[in-house]
**Q** 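Right, I'll just put the structure down here and ask away after.
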Amino acid sequence: MALIVLVAAILAGNAWFLNWVHVMSGVLWTGIDLFMGFVIGPIIRSVSIPVRKEIIIRLTPVTLFLMPVLSVLTSTAGWFLAVQLGLTQLPWPEFGWIAAALVLVTLMTIQGLGYLLPTSVRVCLELRKPAPDGPKISRMMSRFYYVVASQGVMQIAIIVVMAKLATGV
């Protein structure tokens, strides 16, 4: 359904509608990501292994679908909005803000699809085994949290970029 809304916003050529899709999907993506990384993550690390296992087994399939969809919606709507508003035609150095947004989105996409998603799948599959390898999961998750934290920092950075582009200041 979300992809249908995105396509409708692009085809309608309505800047307000496209901006709404971009902002709402970005708010959801960033909000959920930061909530997961800075609230749910520490809680999961503090509960017993059986409880942690149950939470992760139930949470992972939802996030494996939700987070890539939100990131695709946000990035795609943002690109089409920038084109529609003429922001991709700005001269340098103003175009540097667009370039910064593209670099941040590219890095977040590479991390998300290249590391976070596969690691989440590996951890979930390991937890479903009758005898999960705890040290292996611990090693995967210790690196995972650093990548999630870096995603949070980049998402805050891109909000700064978006605020600059939205206000022109």
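The model shown is predicted, which means the values in this text are computed figures rather than measured ones. Index from 1, following the sequence.
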**Q** Does any non-hydrogen side-chain atom of M162 lie less than 4.5 Å from one of H22?
**A** yes

**Q** Quick one: does any side-chain atom of T30 pair with a main-chain N or O of Q155 as donor and acceptor, under 3.5 Å?
**A** no

**Q** Which distance, rounded to the nearest 0.5 Å, do you find between the CD of E94 and the CG of L165?
**A** 10.5 Å

**Q** Less than 4.5 Å apart, side chain to side chain, heavy atoms only: is that true for S120 and T63?
**A** no

**Q** Mark yes or no for whether S138, through its side chain, and G134, through its backbone, hold a donor-acceptor pair below 3.5 Å.
**A** no

**Q** Mind running side-chain contact (heavy atoms from CB on, under 4.5 Å) on V123 and T60 for me, showing each step along the way?
**A** CA-CA 9 Å; V123 167; T60 300; over 6 Å; no

**Q** What do the steps show when you test I110 against Y115 for side-chain contact (heavy atoms from CB on, under 4.5 Å), and what is the final call?
**A** CA-CA 7 Å; I110 291 167; Y115 180 75; over 6 Å; no

**Q** If you measure from CG on L28 to OG on S71, what distance do you get to the nearest 0.5 Å?
**A** 12.5 Å

**Q** Run I32 and M36 through side-chain contact (heavy atoms from CB on, under 4.5 Å) and show every step you take.
**A** CA-CA 6 Å; I32 292 168; M36 294 290 292; 3.9 Å; yes

**Q** Are W79 and V105 packed together at the side-chain level, in the sense that at least one heavy-atom pair is separated by less than 4.5 angstrom?
**A** no

**Q** I need the T76 OG1 to L81 CG distance, nearest 0.5 Å.
**A** 12.0 Å

**Q** For E126, is there an ion pair with R122 - N to carboxylate O distance below 4.0 angstrom?
**A** no

**Q** Give me the ring orientation class for F95 and W92: parallel if the planes are under 30° apart, tilted from 30 to 60°, perpendicular past 60°.
**A** tilted

**Q** Please check this pair: side chain of T119 against backbone of L116, looking for a donor-acceptor N/O pair closer than 3.5 Å.
**A** no

**Q** Just so I know, are the side chains of V148 and F38 near enough to count as touching, which here means a heavy-atom distance under 4.5 Å?
**A** no

**Q** To the nearest 0.5 Å, what is the distance between CD1 on I158 and CD on Q151?
**A** 10.5 Å

**Q** Work out which heavy atom in G112 is nearest to a heavy atom in P118; give both atom names and the distance.
**A** O-CD, 4.3 Å

**Q** How long is the gap from CD1 on I56 to CZ on R128, to the nearest 0.5 Å?
**A** 11.5 Å

**Q** For a 4.5 angstrom cut-off between non-hydrogen side-chain atoms, does V51 reach I44?
**A** no

**Q** Tell me, yes or no, whether the heavy-atom count around Q89 atom CD, taken from other residues, nucleotides or ligands under 6.0 Å, exceeds 12.
**A** no

**Q** Examine L113 and L102 and state if one hydrophobic cluster contains both, with Ile, Leu, Val, Met, Phe, Trp and Tyr joined whenever side-chain heavy atoms are less than 4.5 Å apart.
**A** no

**Q** Would you say the side chain of R143 lies within less than 4.5 Å of the side chain of V147, judging by non-hydrogen atoms?
**A** no

**Q** Are more than 12 heavy atoms, taken from residues, nucleotides or ligands other than F80, located less than 6.0 Å from that residue's CZ atom?
**A** no

**Q** Is the closest side-chain heavy-atom distance between D33 and L70 below 4.5 Å?
**A** no

**Q** Rounded to the nearest 0.5 Å, how far apart are CD1 of I98 and OG1 of T88?
**A** 7.5 Å

**Q** Could you check if a side-chain atom of M108 sits within less than 4.5 angstrom of a side-chain atom of W29, using non-hydrogen atoms only?
**A** yes

